[in-house]
Enquirer: 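Shown below is the structure under consideration.
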Amino acid sequence: IFETTTVNALLTIDKIATADDSGVTFDYTVTGPTSVSKSIMGSGISDRFQIVPGAYSISESMPSGWELTDVSCTESEAPLTITGTNPISFTASSYDDIVCTFTNRANADIEVNKSDGDYGFYPYPSTTNPYYDYTVTVINNGPATAYNVVMSDTLDANTSFDAAKPITVGGVAVSTD
């Protein structure tokens with residue numbers, strides 16, 4: 001008489017978040033022969049557990065304002081073939097030591113406001129050459145730093161751009177071309 005013993009695999013879910021993630025919880029659902037729902041709070045945190053060999057998928061639910069930017073899995077430090085992005089799918093065998101790393105980034109929330117305050121550099125109204133003074137305010141409401149932000153304002157065909165006051169952000173001059 002032969003007895004078959006199934007040896008489990010190990011699954012580790014690692015979390016990397018590329019912004020301030022204090023108090024942020026990321027939820028995972030592992031579906032397969034072993035189904036598990038897990039929550040990980042913050043970056044640099046891991047969750048490790050045993051799974052029965054078989055076909056699996058892992059999906060992540062992100063808090064509002066976050067996006068999944070990368071998922072990678074290894075088996076004993078060698079790349080593991082996965083399909084999909086969210087959920088991902090893979091096959092676990094006995095003795096596998098699988099590590100799946102989910103990388104998330106907080107999104108910036110850019111707000112742009114334009115107002116036509118005072119009439120600028122020249123007295124208004126002028127019947128021959130009216131000048132208007134507009135104020136454009138760009139605000140990052142966070143939670144992440146915004147990089148390479150470009151704001152443009154298309155002028156009416158009957159309007160021309162004359163000049164902009166020099167501006168700085170955090171001590172850095174900003175182009176107003």
Side-chain angles (χ1 to χ4, degrees), residues 1-114 136-152 167-175:
I1 296 179
F2 291 98
E3 248 181 71
T4 303
T5 303
T6 300
V7 177
N8 290 338
L10 292 173
L11 174 61
T12 303
I13 298 176
D14 283 342
K15 163 55 49 210
I16 297 173
T18 60
D20 179 15
D21 62 354
S22 52
V24 177
T25 301
F26 300 88
D27 297 320
Y28 298 89
T29 302
V30 178
T31 307
T34 305
S35 293
V36 178
S37 292
K38 297 281 189 173
S39 294
I40 294 178
M41 183 180 288
S43 188
I45 306 296
S46 296
D47 198 355
R48 185 173 175 90
F49 47 94
Q50 292 187 16
I51 58 174
V52 174
Y56 283 88
S57 69
I58 304 175
S59 61
E60 178 190 46
S61 298
M62 291 142 287
S64 177
W66 287 82
E67 67 179 314
L68 179 64
T69 58
D70 188 48
V71 181
S72 63
C73 295
T74 59
E75 193 286 304
S76 299
E77 300 182 17
L80 176 70
T81 302
I82 60 173
T83 57
T85 53
N86 194 18
I88 62 165
S89 298
F90 61 90
T91 301
S93 300
S94 292
Y95 300 103
D96 279 355
D97 187 358
I98 298 169
V99 178
C100 291
T101 303
F102 288 75
T103 304
N104 298 83
R105 175 180 64 211
N107 293 321
D109 179 10
I110 303 297
E111 177 182 339
V112 178
N113 296 302
K114 180 179 176 182
V136 177
T137 307
V138 180
I139 300 168
N140 179 7
N141 293 314
T145 301
Y147 296 97
N148 303 316
V149 174
V150 175
M151 200 289 303
S152 62
I167 58 173
T168 60
V169 175
V172 176
V174 175
S175 170

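The figures here come from the full heavy-atom set of this structure, side chains too, leaving out hydrogens, waters and symmetry mates.
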Enquirer: Can you see whether Phe49 has Lys38 sitting over its ring - NZ or CZ less than 6.0 Å from the centre and within 45° of the normal?
Expert: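 Judged by the rule (NZ or CZ under 6.0 Å from the ring centre, within 45° of its axis), Lys38 counts as positioned above Phe49.
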Enquirer: Using the side-chain contact (heavy atoms from CB on, under 4.5 Å) definition, which of the options Ile58, Asp96, Thr34 pairs with Leu11?
Expert: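 Of Ile58, Asp96, Thr34, side-chain contact (heavy atoms from CB on, under 4.5 Å) with Leu11 is met by Ile58 alone.
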Enquirer: Are Val24 and Trp66 close enough, and set up right, to give a side chain to side chain contact (heavy atoms under 4.5 Å, CB included), and what steps lead you there?
Expert: CA-CA 10 Å; Val24 177; Trp66 287 82; 3.9 Å; yes
Enquirer: Could you tell me if Ser76 and Asp97 have a donor-acceptor pair between their side chains, going purely by distance under 3.5 Å?
Expert: no
Enquirer: Under the side chain to side chain contact (heavy atoms under 4.5 Å, CB included) rule, what do Val99 and Thr74 come out as? Steps first, then yes or no, please.
Expert: CA-CA 5 Å; Val99 178; Thr74 59; 3.8 Å; yes
Enquirer: Roughly how far apart are Phe102 CZ and Tyr28 OH, rounded to 0.5 Å?
Expert: 6.0 Å
Enquirer: Hey, could you give me the CD/CD1 distance between Glu111 and Ile139, rounded to the nearest 0.5 Å?
Expert: 4.5 Å
Enquirer: Out of curiosity, Glu60 CD to Thr29 OG1, how far, rounded to the nearest 0.5 Å?
Expert: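 Going from CD on Glu60 over to OG1 on Thr29, the span is 10.0 Å.
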Enquirer: In Å and rounded to the nearest 0.5 Å, what is the CD1 to CG distance from Ile51 to Leu10?
Expert: 8.0 Å
Enquirer: Within the structure provided, determine whether Thr83 and Ile88 are in side-chain contact (heavy-atom separation under 4.5 Å).
Expert: no
Enquirer: Where the side chain of Thr91 meets the backbone of Gly54, is there a donor-acceptor pair that is under 3.5 Å apart?
Expert: no
Enquirer: What orientation do Tyr56 and Phe90 show, parallel under 30°, tilted 30 to 60°, or perpendicular over 60°?
Expert: parallel
Enquirer: Can you name the salt bridge (Lys or Arg N to Asp or Glu O under 4.0 Å) partners of Asp27, sequence neighbours left out?
Expert: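 Expected list: none.
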Enquirer: Can Val138 and Ile110 be said to form a side chain to side chain contact (heavy atoms under 4.5 Å, CB included), step by step?
Expert: CA-CA 7 Å; Val138 180; Ile110 303 297; 3.9 Å; yes
Enquirer: Using atom types as modelled and distance alone, determine if a side-chain donor or acceptor of Ser94 lies under 3.5 Å from a backbone N or O of Val7.
Expert: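 Here the side-chain-to-backbone pair exists.
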Enquirer: For Ser93 and Ala9, work out which heavy atoms get closest and say how close.
Expert: O-CB, 3.4 Å
Enquirer: Would you say OH of Tyr95 has more than 12 non-hydrogen atoms from neighbouring residues, nucleotides or ligands within 6.0 angstrom?
Expert: no
Enquirer: For the pair Thr101 and Ile16, evaluate side chain to side chain contact (heavy atoms under 4.5 Å, CB included) and give the outcome as yes or no after the intermediate values.
Expert: CA-CA 7 Å; Thr101 303; Ile16 297 173; 3.6 Å; yes
Enquirer: Ignoring hydrogens, what is the shortest heavy-atom contact between Met62 and Glu67? Give both atom names and the distance.
Expert: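 Between these two residues, the closest heavy atoms are SD-C, 3.6 Å.
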Enquirer: Distance from Ser72 atom OG to Ile82 atom CD1, nearest 0.5 Å?
Expert: 7.0 Å
Enquirer: Working to the nearest 0.5 angstrom, can you tell me the gap between Leu80 CG and Ile98 CD1?
Expert: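 These two atoms lie 5.5 Å from each other.
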